[in-house]
Amino acid sequence: MTRTRFLLATAALAALIALPSHRAFAADNDSNKIKKVAGECKTTPPPSDAEVLFDGTEKSKENWVPERSNNAKVWPIKNGVWVADATDIKTKKEYGSCRLHLEWRVPKGRVIDGQKGGNSGIIFMYRKGWYEVQILESHSNKGTYADGMAGSLYNHHAPLVNPSLPQGEWQSYDITFTAPKFGGDKKVLSNPRFTLVYNGVTVQDDRELTGTTLNRGSKLNYHPARLPIALQWHKDPLEFRNIWIQDLEKDTAQK
Ligand code: MG
């Protein structure tokens, strides 16, 4: 190898090592291509038929437990705000089809690099199903895969538009989840579906998932009709407030 070739090879290797740690994505799956639009956090109080899942009080934390394989505690409350810490947490109760309202915020000053720095998520049918509505800092983010940005159904569907707000500002998700149905033979009768209104803007309109969000191209696995809903710990201290749920399948709920 000539000296020039050696230097070129070294430079190429250094460039490879310096690449962001998030995985590469196809040009047509670039979050920068999703149109930015105005959005506004909708701070909606719980309707009369809703169950409050978190309202800023220690009492409401009792609706949640840490992920089973982890000894960590349910997240701490700081100044009335819930701060993600050390573990996924999941609802004690199990849910099928539901409407979920949730407000989240990326604290100011986070350094964002694709999937790193401002990542969480809401995982329905935890853990046997696993359908994640992604939470990600997608305002200052220089880019990630579009089906991994805020408002995406992770690994499957990019949001229609991007109404993300800056760090330090509250953002709202209003999610309508239609649970999948399985026959007696455990075969899929209908796939899960999501409608997501993000900061008042519809970014998913009754979108169907053909598999779990753990991987692209994954299949749907049989699972019970009701399972917990989880909030994801992704090593970033995302903040939460005002979480409530409307159970759309009360007739199948445990007494
Ligand atoms: Mg996530």
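When a ligand or atom number is given, it counts from 1 through the structure's own listing order. FYI, side chains are in, hydrogens and waters are out, and symmetry mates aren't considered; it's all heavy atoms of this structure.
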Can you list, by chain and residue number, the hydrophobic cluster partners of M149 when the side-chain cut-off is 4.5 Å? I34
So N242 and L102, do their side chains get closer than 4.5 Å, heavy atoms only? no
With under 30° as parallel and over 60° as perpendicular, where do the rings of W104 and Y198 fit, or are they tilted in between? parallel
Which residue in the set Y145, Y131, W130 passes side-chain hydrogen bond (donor to acceptor under 3.5 Å, both in side chains) when paired with Y154? Y145
Do the charged groups of K235 and D85 touch, with an N to O distance under 4.0 Å? no
Among protein atoms, how many N/O/S atoms lie less than 2.8 Å from the Mg ion (ligand 1)? 5
Where does the angle between the aromatic ring planes of F194 and F124 fall among parallel (under 30°), tilted (30 to 60°) and perpendicular (over 60°)? perpendicular
